[in-house]
Amino acid sequence: RYNELMECKRIANVYAMSEHELRMYCRSKLLDDIDEEIVVQRLIYKRKGRDLYEKIGYSKPQMIRREKRIEEKLSIKLKQT
């Protein structure tokens with residue numbers, strides 16, 4: 001139960017991090033530069049869809065694959081509702 005609570009708190013903190021903190025967190029989780037940029041663009045700059053794909057330089061299918069891998073690695077959702 002304690003571990004679940006701490007995990008929820010960590011996830012909440014990810015969404016509240018500054019850009020610098022988020023970049024450092026991504027590096028600590030060994031994400032590459034592109035994955036780090038995807039996380040920052042999604043969570044800090046709220047980019048989505050074609051705007052995000054063009055900014056990163058990947059196609060929609062490539063982005064979907066990368067985002068799925070990122071979400072699994074960080075245990076978060078990049079697409080907030």
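Keep in mind that this is a model prediction, so the values were computed, not measured.
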With a 4.5 Å limit on heavy-atom distance, are the side chains of [X] and [Y] in contact?
X	Y	value
Ile44	Val39	no
Leu74	Leu31	yes
Lys77	Tyr15	yes
Ile70	Leu78	yes
Leu52	Glu67	yes
Arg42	Arg47	no

Quiz prompt | CZ on Arg27 to CG on Asp32, rounded to 0.5 Å | solution =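 One gets 11.5 Å once the value is rounded to the nearest 0.5 Å.
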
Exercise. Working to the nearest 0.5 Å, report the span between CG of Leu43 and SG of Cys26.
Key: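 With rounding to 0.5 Å, CG (Leu43) is 8.0 Å from SG (Cys26).
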
Quiz prompt | Donor-acceptor pair, side chain of Glu21 and main chain of Ser18, under 3.5 angstrom | solution =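 Indeed, once roles are kept as given, a pair shorter than 3.5 Å links the two residues.
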
Self-check item: side chain to side chain contact (heavy atoms under 4.5 Å, CB included) involving Glu37 - partner list, sequence neighbours excluded
Solution: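 Checked Glu37 against side chain to side chain contact (heavy atoms under 4.5 Å, CB included); matches are Arg23, Gln41, Ile56.
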
Quiz item: Any idea which heavy atoms bring Lys79 and Glu71 closest together, and the distance?
Solution: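 That would be N-OE2, 4.0 Å.
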
Exercise. Give the minimum heavy-atom separation between Arg66 and Asp35, together with the two atoms involved.
Key: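 Looks like NE-OD1, 2.7 Å.
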
Practice problem: Would you kindly say whether Gln62 and Tyr53 are connected by a side-chain donor-acceptor distance under 3.5 Å? | Solution: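 The criterion, which ignores hydrogens and geometry beyond distance, is not satisfied for Tyr53 and Gln62.
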
Quiz prompt | Ile34 with Val40, same ILVMFWY side-chain cluster at under 4.5 Å | solution =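 Same cluster.
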
Quiz prompt | In one Ile/Leu/Val/Met/Phe/Trp/Tyr side-chain cluster, 4.5 Å: Met24, Tyr45 | solution =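 Cluster IDs for Met24 and Tyr45 differ.
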
